Amino acid sequence: DCDDEMSRQVWLASCLTSNHHIALLKDLYPHLMQQFKHLTQCEARQPTFEQVQFFFVRTGGSFDKQHASSYITSEKFDNFFGWFCSMCHILTDLRPIYSRPEDPLIGLFYGRSAAQHTLENKPEGTFILRLASTWNGLAVTYKTPAGKLQNVLLTRIANEKYKVGKSDKETFLFQLIRPWSKLKYIYTPNKLIPKKLLF
């Protein structure tokens with residue numbers, strides 16, 4: 001499982017030889033993907049460099065415009081690595097859907113504005129599941145019957161168990177989404193997939 005030792009190993013394998021307090025994302029990425037496969041048992045696909053970078057700069061990393069590269073300092077790495085591990089756990093919960101060829105989780109690495117923009121002209125009940133920048137956060141962005149775009153944060157509590165918003169009630173993720181009447185179709189670029197085919 002994710003722990004300080006794993007975090008330390010990834011850091012030591014990736015940090016700059018000239019400065020042990022800095023690591024570039026391009027050096028971290030291969031080691032992160034090794035851990036991703038180990039934690040999720042997901043061989044079919046993995047997050048792209050760009051998808052990881054989007055959250056990397058939101059969870060402690062920085063982007064150096066001059067060298068067009070993302071880097072992180074050792075004191076901020078634990079926060080990013082904590083987010084990374086929680087992302088792996090969420091993807092493990094969603095693994096049956098993540099590996100499907102029609103890519104129903106295409107929006108998983110979207111930010112809020114990209115998700116809302118994507119759903120603007122879609123029918124009511126269309127939704128996207130996307131990672132939040134907070135540890136253990138999975139957001140649902142959906143189009144309401146009134147045509148508004150709504151965002152709801154789910155927090156992962158344990159394997160496949162989540163709570164909604166500020167509620168303390170824990171529910172299995174699929175049992176949470178299945179009866180949620182406002183969620184009807186999951187978005188993919190080619191077609192909208194009825195929720196009942198996946199959850």
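Note that the coordinates shown come from a computational prediction; the quantities given were computed from them, not determined experimentally.
- For the pair Leu138 and Leu173, the minimum side-chain heavy-atom distance is below 4.5 Å.
- Note: Tyr142 OH to Ile186 CD1 = 14.5 Å, rounded to the nearest 0.5 Å.
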message = side chain to side chain donor-acceptor pair (under 3.5 Å) for Thr141 and Asn151? Distances and angles first, verdict last.
response = CA-CA 4 Å; Thr141 302; Asn151 295 282; 2.6 Å; yes

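- Side-chain contact between Leu192 and Pro123 is present, with at least one heavy-atom pair separated by less than 4.5 Å.
- Looking at Cys2 and Gln35, their side chains never come closer than 4.5 Å, going by heavy atoms from C-beta outward.
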Worked check of ring-ring contact (aromatic ring centres under 6.0 Å, His included) between Phe127 and Tyr187 = CA-CA 6 Å; Phe127 70 99; Tyr187 166 82; over 10 Å; no

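- Residue pairs that meet the side-chain hydrogen bond (donor to acceptor under 3.5 Å, both in side chains) test with at least one member in residues 93-114, sequence neighbours left out, are Arg45-Asp103, Asp93-Arg156, Asp93-Tyr162, Arg100-Glu102.
- Ser69 OG to Leu24 CG: the interatomic distance, rounded to the nearest 0.5 Å, is 5.0 Å.
- Side-chain contact between Tyr185 and Lys122 is absent, with no heavy-atom pair separated by less than 4.5 Å.
- Between Lys76 and Thr59 the shortest side-chain heavy-atom distance does not fall below 4.5 Å.
- Residues Asp64 and Ser70 are not in side-chain contact: their nearest non-hydrogen atoms beyond the backbone lie 4.5 Å or more apart.
- Between the side chains of Ser7 and Asp78, a donor-acceptor pair is found at a separation under 3.5 Å.
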inquiry  = Is there a ring-ring contact (aromatic ring centres under 6.0 Å, His included) between Phe54 and Phe109? Walk through the geometry before answering.
reply    = CA-CA 8 Å; Phe54 180 82; Phe109 291 87; 8.8 Å; no

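- Interatomic distance, Thr155 OG1 to Glu170 CD, rounded to the nearest 0.5 Å: 10.5 Å.
- Distance alone, capped at 3.5 Å, places no donor-acceptor pair between the Arg130 side chain and the Gly107 backbone.
- Within the 3.5 Å criterion, the main-chain N or O of Ala132 finds a donor-acceptor partner in the side chain of Trp83.
- Between Ile22 and Phe77 there is no side-chain heavy-atom pair separated by less than 4.5 Å.
- The closest side-chain heavy-atom distance from Leu149 to Lys143 is below 4.5 Å.
- Interatomic distance, CZ of Phe81 versus CD1 of Ile72, reported as 11.0 Å (0.5 Å rounding).
- Arg178 CZ to Leu198 CG: the interatomic distance, rounded to the nearest 0.5 Å, is 11.0 Å.
- Rounding to the nearest 0.5 Å places CZ of Phe49 at 9.0 Å from CG of Leu28.
- For the 3.5 Å distance criterion, the side chains of Glu5 and Gln9 qualify, holding a donor opposite an acceptor.
- Looking at Lys195, its side chain does come within 3.5 Å of a backbone N or O of Ile177 through a donor-acceptor pair.
- Taking both residues in full, the closest heavy atoms of Ser14 and His31 are given as OG-CD2, 3.2 Å, listed atom of the first, atom of the second, then distance.
- With salt bridges taken as basic N to acidic carboxylate O contacts below 4.0 Å, one links Glu124 and Lys184.
- A donor-acceptor pair under 3.5 Å is absent between the side-chain atoms of Ser86 and the main chain of Trp135, judged by distance alone.
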